[in-house]
Amino acid sequence: GTRVLQKALQLASVYPGDICVSSPLSTSEQPFSLRMDDFRLSNIMIDENTGHITGLIDFEGATISPLWECAYMPRWLQDPEEWDGTHEGGTPSEKSSLRKVFFDKIKQIDKDGEWKRAHDHGHPFREFTNMLNFNVNVWADSSIERWVDARLQWAYEHPGEG
């Protein structure tokens, strides 16, 4: 695990944490937003009578991050088979319906496609930042080492690219 973490540190040196991976975005500055790391159903307060969201709780893991880091579908809406999906709440059918609502709302507010670009271009980098939360024993898994090796190889073959 320690050996793979050393490789991950090499990968972090070419990781675009301070550059915009989805160009062009709406501003010339690096856009940032609030990201709730624990954004899940149990942290969303919903009025039982109206179904409206009345509040959010559990901000201790919140961070300010680049838009590409923030533009993701909540893990509890994703397929549990996806790398960042969870098994929290609902049947596959219910999750599918909620994903449709989520994307319909995104389309309504994302007229210029900024969220979609940030989501699509940031996907591989969000996967890496998610992995940074792993304990050292998880890094010892051969599939994680193959993942890091493949991205390091790409970075060496494409120097300076995000």
Side-chain angles (χ1 to χ4, degrees), residues 5 7-47 51-90 92 94-135 138-139 143-144 147-148 150-152 154-155 158 160-162:
L5 272 169
K7 291 180 182 183
L9 287 174
Q10 293 173 0
L11 183 58
S13 71
V14 295
Y15 170 75
D18 62 348
I19 64 171
C20 186
V21 299
S22 60
S23 258
L25 288 172
S26 60
T27 64
S28 59
E29 296 83 32
Q30 300 300 323
F32 289 86
S33 186
L34 178 68
R35 177 170 186 216
M36 289 183 63
D37 290 343
D38 197 11
F39 184 60
R40 55 191 173 116
L41 290 175
S42 60
N43 292 334
I44 302 171
M45 305 292 96
I46 300 173
D47 183 298
H52 293 126
I53 294 173
T54 59
L56 302 170
I57 61 170
D58 205 356
F59 280 82
E60 81 261 3
T63 57
I64 301 296
S65 299
L67 279 183
W68 59 263
E69 181 75 20
C70 299
Y72 69 98
M73 180 189 315
R75 291 182 176 131
W76 49 273
L77 287 179
Q78 295 189 33
D79 185 327
E81 300 301 316
E82 290 291 319
W83 64 267
D84 56 351
T86 65
H87 296 277
E88 181 184 342
E94 290 168 333
K95 284 188 176 194
S96 178
S97 295
L98 287 171
R99 278 193 297 275
K100 182 181 180 330
V101 170
F102 177 83
F103 282 119
D104 287 348
K105 291 296 180 187
I106 290 292
K107 286 178 191 174
Q108 288 174 10
I109 61 173
D110 189 34
K111 300 293 185 205
D112 65 355
E114 180 179 51
W115 186 92
K116 176 116 173 74
R117 283 191 306 278
H119 175 268
D120 293 348
H121 292 281
H123 188 270
F125 305 109
R126 283 190 308 277
E127 186 171 0
F128 181 56
T129 59
N130 185 59
M131 291 168 60
L132 294 175
N133 294 316
F134 293 166
N135 292 325
V138 177
W139 285 94
S143 66
I144 298 218
W147 188 94
V148 170
R151 276 134 192 95
L152 275 172
W154 186 91
H158 302 88
E161 293 182 35

> Quick one: side chain to side chain donor-acceptor pair (under 3.5 Å) partners of T54, sequence neighbours excluded?
Replying inline: none
>> If the condition is side-chain contact (heavy atoms from CB on, under 4.5 Å), which residues does S96 pass it with, not counting sequence neighbours?
In response: R99
> Under the side-chain contact (heavy atoms from CB on, under 4.5 Å) test, which residues partner D110, sequence neighbours left out?
Replying inline: I106, D112, E114, W115, K116
>> Tell me every residue that passes salt bridge (Lys or Arg N to Asp or Glu O under 4.0 Å) with R35, counting only those two or more places apart in sequence or in another chain.
In response: D37, E69
>> The criterion is side chain to side chain donor-acceptor pair (under 3.5 Å); which residues satisfy it with D104, sequence neighbours excluded?
In response: K100
> Which pair of non-hydrogen atoms, one from S42 and one from I57, has the smallest distance, and what is that distance?
Replying inline: O-CD1, 4.2 Å
>> Going by side chain to side chain donor-acceptor pair (under 3.5 Å), name the residues that satisfy it together with W147, two or more places apart in sequence or in a different chain.
In response: E127
> Taking only residues two or more places apart in sequence, or in another chain, which ones meet D47 in a salt bridge (Lys or Arg N to Asp or Glu O under 4.0 Å)?
Replying inline: none
> Can you name the side-chain contact (heavy atoms from CB on, under 4.5 Å) partners of I44, sequence neighbours left out?
Replying inline: F39, I46, I53, L56, W76
> At their closest point, which heavy atom of K107 faces which heavy atom of K111, and how far apart are they?
Replying inline: O-NZ, 4.2 Å
>> The test is side chain to side chain contact (heavy atoms under 4.5 Å, CB included); show your working for R151 and F128 and say whether it passes.
In response: CA-CA 10 Å; R151 276 134 192 95; F128 181 56; over 6 Å; no
>> Applying side chain to side chain donor-acceptor pair (under 3.5 Å), can you list everything that pairs with T63, at least two apart in sequence or on another chain?
In response: S65
> Taking only residues two or more places apart in sequence or in another chain, which ones pass side-chain contact (heavy atoms from CB on, under 4.5 Å) with L152?
Replying inline: K7, Q10, L11, V148, Y156
